[in-house]
S.K.: 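Below are the structure tokens for one structure; questions will follow.
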2 protein chains.
Amino acid sequence: MNQLKKYFDDFHVISQDSFEKIEKITTQLNLKKKEELQAIGKTCKTIYFLEKGLARIYYLKDGNDITDNLILENNMIVRVESLFRNQPSRKAIEVLEDSEIIAIDAQKLMNLYDENPQIERLFRKIFEASHVETINRIESLQFHSAEERYKELIEKHPEVIKRVSLKHIASYLGITQVSLSRIRAIQN
Amino acid sequence: MNQLKKYFDDFHVISQDSFEKIEKITTQLNLKKKEELQAIGKTCKTIYFLEKGLARIYYLKDGNDITDNLILENNMIVRVESLFRNQPSRKAIEVLEDSEIIAIDAQKLMNLYDENPQIERLFRKIFEASHVETINRIESLQFHSAEERYKELIEKHPEVIKRVSLKHIASYLGITQVSLSRIRAIQN
DNA sequence: AAATTCCTTTAACAAATGATAAAAAAGAAG
DNA sequence: CTTCTTTTTTATCATTTGTTAAAGGAATTT
């Protein structure tokens, strides 16, 4: 919980009282590697904070498993397109390592927004940061080669290469695993 | 202005009084085709609403002009990565047709947030919708072929093909204009 | 430890896209 | 209308990435 408080403070400082209100609508989850957090087809009604571990959001395209997003500890895990539209998601969330997660009930959080604008502001800023990351990723996918994208990932999150299978990294980068393997071979 | 009110209502209904507060921090801009709205290197301090016309956000990569985003009338034009981080943007905004624009002062808007949470909520929802669009675009760039992306654009915004030069559409889709021309040739 | 399954690499070939150059078409300017 | 500029298409060749198949490694299960 202390970790969550710290995470919040980087975006917007709220009172201890406000924090406790948020605390009251959370539950603690502990998942084993490969367990599913949210299933395809369900509407996102929970916002997760990953205290420890590693998660990914993925979906199926023509039977292929495509990693849409990788989430490291100390980050939120949210199927944004489902939460914001209140629609079923074609995406699922699973953890890739044993993980400790704080689950925040989205509906109760919206209720907190009504009584406490500071909480609404906090989450607005959290999602704004995630929005910016998404925009930067577009630029990378739009006009960087697969090799450049791989190098960018290594530079930004070197630990990811060690913790996530190359299969998932490949689809995250928008290429096949064979192609990624080829790129890695050239690098050495 | 009435148009802006209508646009707002689709996201979150605010009181007439609140709307008038927003109105007070706006200015009207009329730009001729090809005129620049914001320059590369400037920090985004204004949120624009495009009442009439057509705009694009672009940047330069290795001397090439790359269209990051196309904005049709009745939409917001914002360099999100600059506004949310309060950092200079590598991107510029220009209009591709004679355009009528309402400019909203971002700093004054933040001040309105403080005194009126409903206004903050309105803009939160507006940007959430834009966030979702960005996420969907990632999916398209990540695993759809250039041809699929072109077809998706035609289906979603057929008018864009007629109003925007293929040069800009090509870079928006993440391909060269020669490649786009080839795809179009096969289609017929 | 052996067996099984899943992940990663390698190879060969196919398909898609990029780069360059030139021609054709369309638009803008005088 | 004519000229000039920009955009779009076409062609050719190079490069990147995809596809399929097979083999080697690593991890998990029994």
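Basis for what follows: all heavy atoms, side chains included, without hydrogens, waters or symmetry-related copies. Chain naming here is simple, since letters A, B, ... match the order of the sequence lines and numbering starts at 1 in each. Keep in mind that this is a model prediction, so the values were computed, not measured.
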S.K.: Mind checking what makes salt bridge (charged side-chain N to carboxylate O under 4.0 Å, His left out) contact with A/Asp17, not counting sequence neighbours?
M.R.: A/Lys21
S.K.: So, are B/Asp114 and A/Arg121 salt-bridged, with charged N and O less than 4.0 Å apart?
M.R.: yes
S.K.: Ignoring backbone atoms, test whether A/Ser179 places a side-chain nitrogen or oxygen under 4.0 Å from the OP1 or OP2 oxygen of D/dT17.
M.R.: no
S.K.: Step by step, would you call B/Lys91 with B/Asp68 a salt bridge (Lys or Arg N to Asp or Glu O under 4.0 Å)?
M.R.: CA-CA 8 Å; B/Lys91 298 171 185 173; B/Asp68 187 66; 3.5 Å; yes
S.K.: Sequence neighbours excluded, which residues qualify as salt bridge (charged side-chain N to carboxylate O under 4.0 Å, His left out) partners of B/Lys151?
M.R.: B/Glu147
S.K.: Rounding to an integer number of Å, can you tell me how far B/Ile175 CD1 sits from D/dT15 C1'?
M.R.: 17 Å
S.K.: Going 5' to 3' along DNA chain C, which are the first and last nucleotides with any atom under 4.0 Å from a heavy atom of chain B?
M.R.: C/dT17 to C/dA28
S.K.: Please list, chain by chain and in numerical order, all residues satisfying salt bridge (charged side-chain N to carboxylate O under 4.0 Å, His left out) with B/Arg149, sequence neighbours excluded.
M.R.: none
S.K.: The criterion is salt bridge (charged side-chain N to carboxylate O under 4.0 Å, His left out); which residues satisfy it with B/Glu152, sequence neighbours excluded?
M.R.: none
S.K.: To the nearest Å, give me how far apart CD1 (A/Ile186) and C1' (D/dT15) are.
M.R.: 11 Å
S.K.: Taking side chain to side chain donor-acceptor pair (under 3.5 Å) as the definition, give me every residue that meets it alongside B/Gln16, ordered by chain and number, with sequence neighbours left out.
M.R.: B/Glu20
S.K.: Using the benzene-type ring in the case of Trp, are the ring centres of A/Phe84 and A/Phe127 under 6.0 Å apart?
M.R.: yes
S.K.: End-to-end bend of the helix from C/dA1-D/dT30 to C/dG30-D/dC1 (five-pair axes, 10° rounding)?
M.R.: 50°
S.K.: At less than 4.0 Å, is any side-chain N or O atom of B/Arg184 found next to OP1 or OP2 of D/dT9? Yes or no.
M.R.: yes
S.K.: List, with names and distances, any nitrogen or oxygen atoms from the protein found under 3.5 Å away from nitrogen or oxygen atoms belonging to nucleotides 20-30 of chain D.
M.R.:
from   : atom 1 : to      : atom 2 : distance (Å)
D/dT28 : OP1    : A/Lys33 : NZ     : 3.4

S.K.: By nearest nucleotide on DNA chain C, pick out whichever of A/Phe143 and A/Gln177 is the more 5' one.
M.R.: A/Gln177
S.K.: Show every side-chain hydrogen bond (donor to acceptor under 3.5 Å, both in side chains) that has at least one partner inside residues 72-81 of chain A, sequence neighbours left out.
M.R.: A/Gln3-A/Asn74, A/Gln38-A/Arg79, A/Glu73-A/Arg163, A/Glu81-A/Ser89
S.K.: Using the side-chain contact (heavy atoms from CB on, under 4.5 Å) rule, pick out the option among A/Ile77, A/Val80, A/Leu83 that qualifies with A/Cys44.
M.R.: A/Leu83
S.K.: Residues two or more places apart in sequence or in another chain: which of them pass side chain to side chain donor-acceptor pair (under 3.5 Å) with A/Asp65?
M.R.: A/Arg56
S.K.: List for me each residue that meets side chain to side chain donor-acceptor pair (under 3.5 Å) alongside B/Ser15, sequence neighbours excluded, and say none if there are none.
M.R.: B/Ser18
S.K.: How far apart are the closest heavy atoms of B/Val164 and B/His168, and which atoms are they?
M.R.: CG1-CB, 3.7 Å
S.K.: Which residues in residues 144-169 of chain A have at least one heavy atom lying under 4.0 Å from any atom of DNA chain C?
M.R.: A/Ser165, A/Leu166, A/Lys167
